[in-house]
> 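Handing you this structure, nothing more for now.
Reminder, nothing fancy here: chain letters follow the sequence lines and each chain counts from 1.
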Amino acid sequence: MSTDTLGRLNAAQRAAVAFGAPDGEGRWRSGPLLVIAGAGTGKTTTLAARVAHLCLNGVAPERILLLTFTRLAAREMTQRAEQSVAAARQAQSAGARTGAAARVDWAGTFHALAARFLRHYHQSLGLEESFSVLDRGDSADMLDVERQALGYHKSRERFPQKATCLDIYSRTVNAQCPLAETLAAHFPHFVQWHDELKALFAAYVERKLAQQTLDYDDLLLYWYYLVEDERIARDISAHFDHILVDEYQDTNRLQADIIRRLRPDGAGLTVVGDDAQSIYGFRAAAVENILDFPTQFPGATVIKLEDNYRSTQEILDTSNALMLDATRSYQKALRAARGAGQRPRLVTVEDEQEEAHYLCEQVLERREQGVRLWHQAVLFRNSRHTLRLEVELGKRDIPYVKYGGLKYLETAHVKDVLAVLNWAENPRNELAAFRVLQLLEGIGPATARKACDALAAAAGDFAALDAVAGLPAGGRAGWDATSKLMQDLVSAPWPGQMERVLAWYQPLLERRYDQAFPREGDIEQLAQLANDYPSRRAFLTELTLDPPSASGDLAGPPHIDEDYLVLSTVHSAKGQEWDTVYLQHFSDGTFPNEFAAGDPHKLEEERRLAYVALTRAKNRLVLVNPLKYFVPQQPKLGDRHVYGSKSRFLTERVLATLEQGHWSSRQDEQPAWRRDLRVDLKDRARAMWR
DNA sequence: ACTAATGTCCTTTTT
DNA sequence: GGACATTAGT
C-alpha cells in the first residue's frame with residue numbers, strides 16, 4: 001500500500017489521509033470528514049497526501065474534485081499529490097513502468113470550476129458558450145451605467161458609489177439573504193435606498209443577461225441554479241467519487257449550498273479549514289459552515305491537527321496569547337514541534353518614513369545572516385501603506401514582488417487591450433465595445449451607442465461597423481482600422497491575434513497617455529502571457545479568475561529567478577510561510593482597521609487577521625508600530641500627522657510574550673526612546689501581580 | 001457631440 | 001491623492 005505517502009506524517013495527519021476504507025471493487029470510499037487544521041499544522045501536506053492516497057487506492061484522478069481558495073493552492077496541492085503518486089508507484093514496481101501519471105484535472109477555485117461547468121451545461125441554462133466573465137471593475141462600471149440611467153447619481157442625499165453598490169449586491173447574492181437584511185446588518189447608512197437599489201440590481205441583472213456577461217457572483221449563483229436541478233446535480237455528482245474542499249472556513253452560504261447539493265449525504269466529502277483563520281467575512285464568508293459541518297452532515301468524523309511544524313514556540317506563544325483575548329474561544333493551543341527560538345519583537349518607530357528605513361535595514365541585516373530575501377516577507381493590512389517602503393526599497397536596489405493591492409490588470413492600457421479581445425470573443429459585450437470605440441479620436445458615447453445598435457441588428461457581425469454613419473471628419477481612418485481589426489479577430493487563429501491588436505493599439509497608446517513607454521512594456525508582457533494559453537477564451541477567462549498579481553505568476557517582477565523580497569497583504573499571505581515576517585503598521589486604526597472599530601464581529605475578524613499574519617513566521621517575527629502617522633481625512637488642519645495609539649490587540653498578555661524596543665535612524669533621538677520604554681515597564685510591573 | 005478642466009467626496013481586505 | 005461628477009470650451 002501507500003506506506004510512503006503515510007510514512008512522514010503524525011498520527012492525526014495519517015488518520016485524515018487514510019480516512020475511509022476500500023469497497024468491494026477496491027475503490028476507496030469514505031463518509032463526510034472535517035479536518036480542523038490549525039496554522040502551520042501541515043494542512044497542505046495532509047490534503048495533498050489524501051489526494052495521493054486516493055489515487056493509489058483505486059480512485060481515478062479524474063474522479064476527484066478539489067476546490068481551493070486560490071489557483072496557487074490548487075497547483076501546489078495537485079503537484080505534490082502527483083509527485084508522491086509517482087514516487088510510490090516507482091517504489092512499488094522498482095524500475096518497471098510506473099503507470100500513467102495521476103493528473104488531477106478537476107482542481108481549482110470555486111469560481112474557475114464554476115466557469116467550466118457553466119460552459120459545459122450552457123444549453124441547459126440558456127447561456128451562450130462564449131459568455132464573458134466580468135472582473136470587479138467591469139461589474140462596477142456596468143452597475144454605474146444603470147445607476148446613471150436611473151438618475152440616482154444626482155440625488156440630493158448621497159447614493160452609494162458604484163463600488164459600494166457592487167459590495168451590497170455581492171453580499172446579498174453570496175449570503176443568499178434579502179436585500180433589506182444586508183442593508184440593515186452591513187450598510188445601515190444606506191437603508192433609505194432599499195427600493196432604488198433593488199431597481200438598480202434588477203436592471204443590472206437584465207443588462208448582464210442581455211450581454212451574456214457574468215460577474216464573479218453569477219458564476220457561483222448559476223452553478224447553484226444548475227445543481228438545484230436534481231438531474232444535473234446527479235449528473236455532475238456522478239462524475240466524482242471524492243470532493244475535497246480547502247479553506248472551508250472562508251466559504252460562503254452559496255458555496256456551502258453547492259456542496260450540499262452535490263453531496264447531500266456527505267459521501268466522499270472532505271473539508272479542511274481552521275475557524276481561527278476565517279478572514280473573509282467581508283465577502284460573506286460564513287464561519288458557521290465549518291462550525292456546523294457535523295450537524296449538516298450527520299455522522300461526520302472530525303479530526304484535529306494541532307502540532308505546528310512551522311514556527312518556534314515563542315512565535316506560537318504570541319499567537320496563542322492573541323487568540324486567548326478573543327471573545328469566542330477557539331479551544332486551540334498550537335504546540336511547536338520545532339522547539340524554542342527568539343522572542344518576537346515589537347518595535348516602535350517615530351513615523352512612517354522611519355518605518356520604511358527600519359524595514360530596509362532589518363531586511364538587509366537578516367540577509368547578511370544568511371536568510372535570502374525571498375524567505376522574508378513584509379505583511380500589511382492595506383496596500384496604501386507600502387508606498388514609502390516601495391520607494392525606499394527602490395532607492396536601495398532591493399528587489400521585491402508585491403502581492404495583493406497592486407493591480408496590473410486594472411491599469412487603463414491593459415484593460416484597453418483586453419477589451420478588444422473580450423469584444424471579439426463576445427460581440428454582445430457592450431462594456432468592452434464602449435471602451436474600445438471611445439479610444440478613437442472623436443468618438444464618444446453617442447457614436448458608440450449607434451455602433452452597438454448596428455452590431456446587434458446584424459447579429460454580431462462586425463462588418464456592420466462599416467455602415468455606421470455620422471462619424472467626425474478626422475475619425476474615419478481610425479474607425480475603418482478598428483472595424484477591420486474586429487473582423488479579422490473573429491476568423492484569425494489565436495496565436496498572432498495579440499500582435500494585430502498591439503499594432504492597432506500602438507498609435508492610440510501614444511496619443512492617449514503621457515508616459516507611453518512603461519505602458520508599452522506592460523502590454524508586451526501581456527502578449528507574452530497570452531502565448532501560454534490555448535485559446536482566446538481560455539486566456540480571457542483565466543485571466544479574470546486568476547489575475548497574475550494575485551496568484552504569484554510573473555507579470556510583476558522582471559527576473560523571477562533573482563532573489564526578491566515579498567510584500568503582501570495579510571489576506572494574500574494566507575497559506576504561506578516565511579523564515580522572517582515583518583508586520584507593518586501595527587497600530588490602532590490599521591490593526592484593527594478603524595472601519596471595524598464599532599462592530600464586535602468585524603473586530604474579531606481583525607483579530608483573526610492578525611493571527612494569520614503572526615502565524616506565517618517560522619523563526620523571526622517583527623511587529624512595527626509607527627507612533628505618528630499620516631491621516632488623509634480632515635484636510636487643511638495644519639499638520640495632518642497624528643499620534644496614533646497602540647493597537648488594542650497588544651494587551652498585557654500579548655505584550656508579555658514580546659521583546660520591545662524603539663528604533664531611530666537618528667542616534668540622538670533619546671526622548672522618544674525613553675518615553676516608550678517607560679510605558680513598557682509599567683505594563684510589565686502590573687502584569688506581575690495580576 | 002466630444003474633450004479638457006475644475007470642483008467635491010472618500011479612502012480595506014479578494015474570487 | 002485619486003475617483004467621480006459637473007462645467008466650460010472646441
Side-chain angles (χ1 to χ4, degrees), chain A residues 67-74 108-115 133-137 139-141 144 147-148 152-155 158-164 166-167 170 174 214-220 247 250-252 254-255 278-285 379-385 387 403-405 407 409-410 412 437-438 440-450 470-475 511-512 541-547 549-551 568-574 585 589-596 602 605-606 608-610 612-613 630-635 640:
Chain A
L67 292 155
T68 58
F69 199 71
T70 62
R71 172 92 63 177
L72 188 69
T109 63
F110 271 89
H111 293 85
L113 288 166
V133 180
L134 304 176
D135 66 18
R136 254 190 85 81
S139 308
D141 286 345
D144 204 39
R147 195 172 63 130
Q148 305 221 15
Y152 297 154
H153 60 296
K154 50 184 169 193
S155 332
R158 262 212 313 284
F159 193 79
Q161 297 228 23
K162 62 180 184 182
T164 312
L166 183 60
D167 284 343
S170 187
N174 281 295
L214 275 65
D215 62 26
Y216 287 137
D217 308 320
D218 289 333
L219 292 171
L220 296 184
E247 307 281 11
D250 284 322
T251 53
N252 58 40
L254 207 45
Q255 291 166 320
S278 156
I279 54 174
Y280 278 89
F282 68 92
R283 228 171 72 183
L379 305 186
F380 42 87
R381 175 68 180 84
N382 109 27
S383 56
R384 196 158 43 92
H385 286 139
L387 275 176
Y403 296 102
K407 272 130 203 160
L409 283 182
E410 285 174 23
L437 292 173
Q438 291 188 61
L440 303 173
E441 179 101 60
I443 307 299
T447 319
R449 177 76 264 157
K450 270 195 276 183
L471 300 174
R511 183 175 76 84
R512 223 176 148 73
T541 305
E542 299 198 14
L543 212 56
T544 26
L545 294 178
D546 183 35
S549 63
S551 72
S568 172
T569 58
V570 180
H571 283 90
S572 299
K574 189 164 87 159
H585 226 293
T590 309
F591 258 114
N593 190 294
E594 57 197 331
F595 228 30
K602 287 187 184 162
E605 180 153 313
E606 295 289 314
R608 295 193 294 268
L609 192 61
V612 168
F630 188 71
V631 184
Q633 291 103 322
Q634 309 138 357
R640 285 198 274 167

> Just the rounded figure in Å: distance from P of B:dT11 to CD of A:Gln161.
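From A:Gln161 CD to B:dT11 P: 8 Å.
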> Please give, in whole Å, the distance from B:dT15 P to A:Leu254 CG?
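Taking CG of A:Leu254 and P of B:dT15, I get 17 Å after rounding.
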> Round to a whole Å and report the spacing from CD1 of A:Ile443 to P of B:dA1.
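After rounding, the gap between these two atoms is 12 Å.
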> Is the phosphate of B:dT14 approached by A:Ser572 (side-chain N or O, under 4.0 Å from OP1 or OP2)?
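For B:dT14, OP1 or OP2 has a side-chain N or O of A:Ser572 closer than 4.0 Å.
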> Can any side-chain N or O of A:Asn174 pair as donor or acceptor with the backbone N or O of A:Leu254 at less than 3.5 Å?
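Absent.
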> Between A:Pro445 and A:Asp167, who's closer to the 5' end of DNA chain B by nearest nucleotide?
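Closest to the 5' end, via its nearest nucleotide, is A:Pro445.
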> Distance check: side-chain N/O of A:Thr569 vs OP1/OP2 of B:dT14, anything under 4.0 Å?
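Looking at the OP1 and OP2 atoms of B:dT14, one of them is under 4.0 Å from a side-chain N or O of A:Thr569.
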> Once you apply a heavy-atom cut-off of 4.0 Å, does A:Gln438 come out as touching a base, just sugar-phosphate, or nothing?
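Counting heavy atoms under 4.0 Å across all strands, no contact is made by A:Gln438.
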> When the distance from NE2 of A:His385 to C1' of B:dT12 is rounded to whole Å, what number comes out?
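One finds 10 Å between C1' of B:dT12 and NE2 of A:His385, rounded.
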> Ignoring the backbone of A:Thr109, work out which of C:dC4, B:dT12, B:dT15 is nearest its side chain.
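Of the options given, the side chain of A:Thr109 lies nearest B:dT15.
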> If you measure from the Lys or Arg side-chain nitrogens to the Asp or Glu carboxylate oxygens, is any gap between A:Arg136 and A:Asp167 under 4.0 Å?
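Between A:Asp167 and A:Arg136 there is a salt bridge, with a charged N closer than 4.0 Å to a carboxylate O.
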> Touch check for A:Asn593, heavy atoms < 4.0 angstrom, all strands: base, sugar-phosphate only, or nothing?
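Result for A:Asn593 = base.
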> Specify the separation, in whole Å, of atom CD of A:Glu441 and atom C1' of B:dC2.
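Result: 10 Å.
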> Return yes if some donor-acceptor pair links the side-chain N/O of A:His111 with the main-chain N/O of A:Leu219 below 3.5 Å, else return no.
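No, the answer is negative, given that no donor and acceptor are paired below the 3.5 Å cut-off.
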> For the residue pair A:Ser568 and A:Ala573, what are the closest heavy atoms and their distance?
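A:Ser568 and A:Ala573 have their closest heavy atoms at OG-N, 3.6 Å.
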> Taking the side chain of A:Arg283 as heavy atoms from C-beta outward, which of B:dC10, B:dT14, B:dC2 is closest to it?
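Side chain of A:Arg283 sits closest to B:dT14.
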> For nucleotides B:dT12 and C:dA5, find the distance between their C1' atoms and express it as a whole number of Å.
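Looking at atom C1' only, B:dT12 and C:dA5 are 24 Å apart.
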> Has A:Phe282 got its ring stacked on the base of B:dT13, with centres under 5.5 Å and planes less than 30° apart?
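A stacking contact exists, since A:Phe282 sits close and nearly parallel to the base ring of B:dT13.
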> Flag the pair A:Lys602 and A:Glu605 as a salt bridge only when some basic side-chain nitrogen lies within less than 4.0 angstrom of an acidic carboxylate oxygen.
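No.
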> Nearest to the side chain of A:Thr447 - B:dA1, C:dC4, B:dT15?
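Nearest to the side-chain atoms of A:Thr447, counting from C-beta on, is B:dA1.
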> Assign each of A:Arg381 and A:Thr544 to its nearest nucleotide of DNA chain B by heavy atoms, then name whichever residue's nucleotide is nearer the 5' end.
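Whichever sits nearer the 5' end wins; that is A:Arg381.
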> Checking contacts here: which listed nucleotide (B:dT15, B:dC2, B:dT12) is nearest the side-chain heavy atoms of A:Ala446?
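Selected nucleotide: B:dC2.
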> Rounded to the Å, how far apart are A:Asn252 CG and B:dT14 P?
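For the pair A:Asn252 CG and B:dT14 P, the rounded distance is 17 Å.
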> For the side chain of A:His571, starting at C-beta, report the closest nucleotide among B:dA1, B:dT13, B:dT15.
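Comparing B:dA1, B:dT13, B:dT15 against the side chain of A:His571, the answer is B:dT13.
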> Report the distance from atom CD of A:Glu606 to atom P of B:dT12, rounded to the nearest whole Å.
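Value for this atom pair: 13 Å.
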> Under 4.0 Å between any heavy atoms, over every strand shown, what does A:Gln148 touch: base, sugar-phosphate, or nothing? Just pick one.
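Sugar-phosphate: the residue A:Gln148, judged by heavy atoms under 4.0 Å, touches backbone atoms but no base.
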> Heavy atoms under 4.0 Å, any strand shown: does A:Tyr280 hit a base, just sugar-phosphate, or nothing?
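Touches sugar-phosphate only.
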> Please check if the side chain of A:Tyr152 supplies one atom and the backbone of A:Pro160 the other of a donor-acceptor pair under 3.5 Å.
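Flag not set: sc A:Tyr152 to bb A:Pro160 has no pair under 3.5 Å.
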> Regarding A:Leu219, tell me which of base, sugar-phosphate or nothing describes its non-hydrogen contacts under 4.0 Å with the strands shown.
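No contact.
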> Over how many whole Å does the gap from A:Phe591 atom CZ to B:dT13 atom C1' extend?
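Going from CZ in A:Phe591 over to C1' in B:dT13 covers 10 Å.
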> Return no unless some side-chain N or O of A:Arg147 is found under 4.0 Å from OP1 or OP2 of C:dA5.
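For C:dA5, OP1 or OP2 has a side-chain N or O of A:Arg147 closer than 4.0 Å.
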> Looking only at the side chain of A:Arg136 (C-beta and beyond, no hydrogens), which of the listed nucleotides B:dT13, B:dT15, C:dA5 gets closest?
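Closest nucleotide among those given: B:dT15.
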